[in-house]
Amino acid sequence: QVQLVESGGGLVQAGGSLTLSCTVSGRTFATDTMGWFRQAPGKGREFVSGISWNGGRTAYVDSVKGRFTISRDNAKNTVFLQMNSVKPEDTAVYLCAAVARPGIATTPSAYDYWGQGTQVTVSS
């Protein structure tokens, strides 16, 4: 059974930092492209960042470039999202997703497996 479990969310003040983790089980994590998405109340699921199977390529939505950093540890089946200088508009449920295909897709439908999400709330 494939499981993606996110952790690390919480309440943080604007300008602060937070690190999200997503641990994968039940599949060959080291060959998966991984993505982070977020969904705010009443809005669709938005691509935030993605990373290739070996970490050699990354991608970010423009609104988080220079503030967020994605990384992965294939030995621990875990992908991370370091969030710095957070803003109230970063408030959302953050979800990780996996797909066994190369290339960092930015659309949710391209990903085959999803976690349940972790809430990030940024206070002003």
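For this chain, numbers begin at 1 and follow the sequence in order.
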Option among Leu20, Thr19, Leu18 that satisfies the side-chain contact (heavy atoms from CB on, under 4.5 Å) test with Leu81: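 Among Leu20, Thr19, Leu18, the one that satisfies the side-chain contact (heavy atoms from CB on, under 4.5 Å) with Leu81 is Leu20.
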Of Thr69, Thr106, Val48, which is the lone residue that meets side-chain contact (heavy atoms from CB on, under 4.5 Å) with Tyr60?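 Of all the options given, the one that passes is Thr69.
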[X] versus [Y], closest heavy-atom pair with distance:
X      : Y      : result
Arg27  : Ala100 : NH2-CB, 3.4 Å
Ala92  : Ala40  : CB-N, 3.9 Å
Ser124 : Ala14  : CA-CB, 4.3 Å
Lys43  : Gln39  : O-NE2, 3.1 Å
Ser21  : Phe80  : OG-CD2, 3.4 Å

If you draw the axis of the six-membered ring of Phe47, does the NZ or CZ of Arg38 fall within 45° of it and under 6.0 Å from the ring centre?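 Arg38 over Phe47 ring: no.
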Please determine whether residues [X] and [Y] belong to a single hydrophobic cluster, defined as Ile, Leu, Val, Met, Phe, Trp and Tyr linked transitively by side-chain heavy-atom distances below 4.5 Å.
X      : Y      : value
Ile104 : Leu4   : no
Ile70  : Val64  : yes
Met83  : Phe37  : no
Val93  : Tyr113 : no
Val61  : Tyr111 : no

Any pair counted as salt bridge (charged side-chain N to carboxylate O under 4.0 Å, His left out), so long as it reaches residues 5-25, sequence neighbours left out: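 Listed once each, the pairs would be none.
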At what distance, to the nearest 0.5 angstrom, does [atom1] of [X] lie from [atom2] of [Y]?
X     : Y      : atom1 : atom2 : result
Cys96 : Gln116 : SG    : CD    : 10.0 Å
Ser63 : Glu89  : OG    : CD    : 8.5 Å
Asn77 : Met34  : CG    : CE    : 9.5 Å

I want to check something: taking the side chain as every heavy atom from C-beta on, are [X] and [Y] in contact at a cut-off of under 4.5 Å?
X      : Y      : value
Arg101 : Asp112 : yes
Phe29  : Thr78  : no
Trp114 : Pro108 : yes
Lys76  : Thr23  : no

Could you walk me through whether Gln119 and Tyr94 pass side-chain contact (heavy atoms from CB on, under 4.5 Å), step by step? CA-CA 6 Å; Gln119 176 70 47; Tyr94 282 72; over 6 Å; no
Say whether [X] and [Y], considering side chains only, have a donor N or O and an acceptor N or O under 3.5 Å apart.
X      : Y      : value
Gln13  : Ser123 : no
Thr121 : Thr91  : no
Ser71  : Asp73  : no

Between the side chains of Arg67 and Asp90, is the shortest nitrogen-to-carboxylate-oxygen separation below 4.0 Å, so that they form an ion pair?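 A salt bridge links Asp90 with Arg67.
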Verify, without hydrogens or angle tests, whether Arg72 (side chain) and Trp53 (backbone) share a donor-acceptor contact under 3.5 angstrom.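 It does hold such a pair.
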Backbone of Asn84 reached by a side-chain donor or acceptor of Ser17 within 3.5 Å: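 Absent.
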When the ring centroid of Trp36 is compared with that of Phe68, is the distance short of 6.0 Å?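 Centroid distance Trp36-Phe68: not below 6.0 Å, so no.
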Checking Val99 against Asp32 for the side-chain contact (heavy atoms from CB on, under 4.5 Å) test, could you report, in this order, the C-alpha distance in whole Å, the side-chain angles of both residues, the deciding distance, and whether it holds? CA-CA 5 Å; Val99 61; Asp32 281 348; over 6 Å; no
